[in-house]
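Following: one structure in structure tokens, then a few remarks.
Sequential numbering from 1 along the given sequence is applied to the chain's residues.
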Amino acid sequence: MSRFTLAALCAALCAALCAVLPAPVLATEPVEIRLAIQDHKFEPAELKVPAGQKIKLLIENRDDSAEEFESLELNREKIVGPNATIIVYIGPLEPGRYPYFGEFHMDTAQGVVVAE
């Protein structure tokens, strides 16, 4: 078999496979939202996020003591060490309000995710 014929055969096989195999579904990247903990408070206290999309929360603790990001409605509970940053994935969320709090400073560390 000549090189030209072999190349043509390979091209035909590739074209046939592409026609038969399903196209890959490209996943959308999560929306990245930043949340800070400073003076034992979440900043901002109200996070607006798009409904129906996966969210990547980057939570930065600027305090010298640990805090916890906890939400019963979001089913998340994760400790953020002092002067550390963590990632918490949430969603996709239905439109609504999803409260969260810091268990170590519940009197001041309060917030809500608002999915719109």
Atom [atom1] of [X] and atom [atom2] of [Y]: how far apart are they, to the nearest 0.5 Å?
X	Y	atom1	atom2	value
I59	R34	CD1	CZ	11.5 Å
K48	E116	NZ	CD	4.5 Å
Y89	L74	OH	CG	15.5 Å
F101	E68	CZ	CD	7.0 Å
Q38	E60	CD	CD	8.5 Å

Give the minimum heavy-atom separation between S65 and H40, together with the two atoms involved.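 For S65 versus H40, the nearest heavy atoms are OG-CE1, 3.3 Å.
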Shortest non-hydrogen contact from I79 toward A66: CG2-CB, 4.3 Å
Other residues, nucleotides, ligands: >12 heavy atoms within 6.0 Å of E46 CD: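 More than 12 heavy atoms, drawn from other residues, nucleotides or ligands, come within 6.0 Å of this atom.
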Side chains of [X] and [Y]: does their closest heavy-atom pair fall under 4.5 Å?
X	Y	value
F42	F69	yes
E73	P99	yes
K54	V31	no
E77	E103	yes

Could you tell me whether K41 and E43 have a side-chain N and a carboxylate O separated by less than 4.0 Å?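 The answer is no: the pair does not qualify as a salt bridge.
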State, without any angle test, whether D64 and N83 hold a side-chain donor-acceptor pair at a distance under 3.5 Å. yes
Check: E67/H105 side-chain N/O donor and acceptor closer than 3.5 Å: yes
Would [X] and [Y] show up in the same hydrophobic cluster when neighbours are defined by side-chain heavy atoms closer than 4.5 Å?
X	Y	result
V113	L35	yes
F104	I86	no
V112	V49	no

Verify, without hydrogens or angle tests, whether [X] (side chain) and [Y] (backbone) share a donor-acceptor contact under 3.5 angstrom.
X	Y	result
N61	A84	no
R62	P82	no
S71	R76	no

Between Y98 and the options L93, L72, L47, the side chain to side chain contact (heavy atoms under 4.5 Å, CB included) test singles out L93
